[in-house]
Amino acid sequence: MNEAIPLSEVLELERCARRDAERRLDAANADLASALAELQSAQSKLVHSDKLACIGQLAAGVAHEVNNPVGYVSSNLNTLGEYVADLLRYINACRTLVIDCANEGRTIVESARNVETLADAIDLDNVVGDIEALLAESNEGLSRVRKIVGDLRDFAHVDGPDLALHDINQLIDKAISVAWNELKYKADIVKEYADLPPVACFAGRIGQVLLNLLVNAAQAIVDRGEIRIRTGQDGHDVWVDVSDTGCGMAPSTIERIFEPFFTTKDVGQGTGLGLHMAYQIMRSHDGEIRVHSEVGMGTTFRLQWPISGPTEGNKVDDDANAR
Amino acid sequence: MSTSQQRSNRYQVLCIDDEPGVHQALKRELGRLGCRVHCAENGADGLDILNRESIQLLICDATMPGMHGVDVLMTAASLSPNTTRVLLTAHCANPEVVVPAINGARIFRLIPKPWPQGAIRQLLMDVIGMHPRKWSKQKDRIQERLVTDAPD
């Protein structure tokens, strides 16, 4: 018993143990790396799903916005079809009259009477007088449909990995257009836009933040109020203020609004991600989101970020998010 | 029947909708069928007209600034019970709108937005069909238009 173990054997055992530990360390590292990748992809999906949730919520409103003009434009086109049928009958009667005149036949008086009777029957004055208005109104309706569908498409579009220069005032107008059905019954919209240079940003994501702020502002207003949107330049930064005359927030609420999954809205109304995402998106632009609110007075959110966009480090960060 | 109703021999329709484009389109469709069409952009103005004029048919939108359309229709039901009430809305699939409209405001018909071709004419034929003798002229007018507008 108690035979001494040869030194070489001890060393061999130790080597084995070390190799084993290294292998496990490598495996643990690989696990961590894949967990990190998963987290990054989950976060990017979260950004996108919040955007989709927001757009989905607005889509019903957009559909309503579109249904009104589509309704009256279709009705107008049907009426126009009836006008055209009537006018063709009238034109045919006139042609008969003209032909009769040319032939100087005895039927002229009768044909002329026919034309007059027909003019009465189809209410010719009204038809002729209404056509231009009908076409103008239908055109206006179709432009509205075209605009809102285009604006929604711009918003649903996912940004590429590259920053681009954008007109921020125009971006705000598109956000207002997409959210219009949520806004119009709640608030008068007041715009105070400054002349801004083109601003480097991920337009889809800044648009998502603006949409969130606008919908929040409308939901904070109980009956009817005002939403004021101001833009400006502060040194190398651009800023956007979204103010509402809504119910405001208590300090205990303000403390938590940027936490993920924090919401004061009813179940199904909010994901609790909107402002958290706004915070993340502003950070990825090297910018910030600030809030000032008083209970009963209203709330102002300010977005501020460099006109030249985020620095390289953040762009790489954003590339990962965009995937 | 009131005396004013006897005096005015035109079928009177009131359209309450916050979209002027809808007013114009309904004016065209119903005007061609011989109706006189009144329009209001919100519930309060609409109920004023309903009080003043003798309206046979009320076509009302759901979502409008101020009073909701279903509330307008409910008020109309007690204010002018003989006026036929119709809800014209893009929210036809929303039970929160439709159920109180049918059970509460007891609407005669629910018409979707955008409304199908012929829906308004069919509506008018059906409401007039309830009082065929009273509105025989309108009925003739619709028949006339049906004949002239029929495709050859």
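In what follows, every chain begins at residue 1, and chains take the letters A, B, ... in the order their sequences are listed. Every heavy atom of this structure was used, including side-chain atoms; hydrogens, water molecules and symmetry mates were not.
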- What part of A:Leu134 lies closer than 4.5 angstrom to a heavy atom of chain B: side chain, backbone, both or neither? both
- Task: To the nearest 0.5 Å, tell me how far A:Ser74 OG sits from B:Lys113 NZ.
- Result: 12.0 Å
- Note on the structure: Counting heavy-atom pairs under 4.5 angstrom with chain B, the leader among A:Asn78, A:Val70, A:Ile122, A:Val73 is A:Asn78
- Grab the two heavy atoms, one from A:Tyr185 and one from B:Asp18, that are nearest each other, plus how far apart they are. OH-OD2, 3.2 Å
- Task: Could you please spell out the steps behind the salt bridge (charged side-chain N to carboxylate O under 4.0 Å, His left out) verdict for B:Lys27 and A:Glu137?
- Result: CA-CA 13 Å; B:Lys27 261 188 187 170; A:Glu137 283 159 29; over 6 Å; no
- Which distance, rounded to the nearest 0.5 Å, do you find between the OG1 of A:Thr79 and the CD of B:Gln24? 11.5 Å
- Taking everything shown except A:Arg95 itself, do over 12 heavy atoms lie less than 6.0 Å from its CZ? no
- Query: So how far is it from A:Asp86 CG to B:Arg32 CZ, rounded to the nearest 0.5 Å?
  - Reply: 5.0 Å
- Report, as yes or no, whether the 6.0 Å neighbourhood of atom CD on B:Gln117 holds more than 12 heavy atoms from other residues, nucleotides or ligands. no
- Task: Against chain A, label B:Glu19 side chain, backbone, both or neither, depending on which of its atoms sit under 4.5 Å from a heavy atom there.
- Result: side chain
- Who among B:Ala25, B:Pro114, B:Gly31 has the most heavy-atom pairs with chain A under 4.5 Å? B:Pro114
- Task: Measure across B:Glu29 and A:Ser75 and return the closest heavy-atom pair with its distance rounded to 0.1 Å.
- Result: OE2-OG, 2.6 Å
- Message: For the interface with chain B, which of A:Asp130, A:Asp223, A:Asp123 has the highest count of heavy-atom pairs at distances below 4.5 Å?
- Response: A:Asp130
- For atom CD of A:Glu192, is the number of surrounding heavy atoms from other residues, nucleotides or ligands below 6.0 Å larger than 12? yes
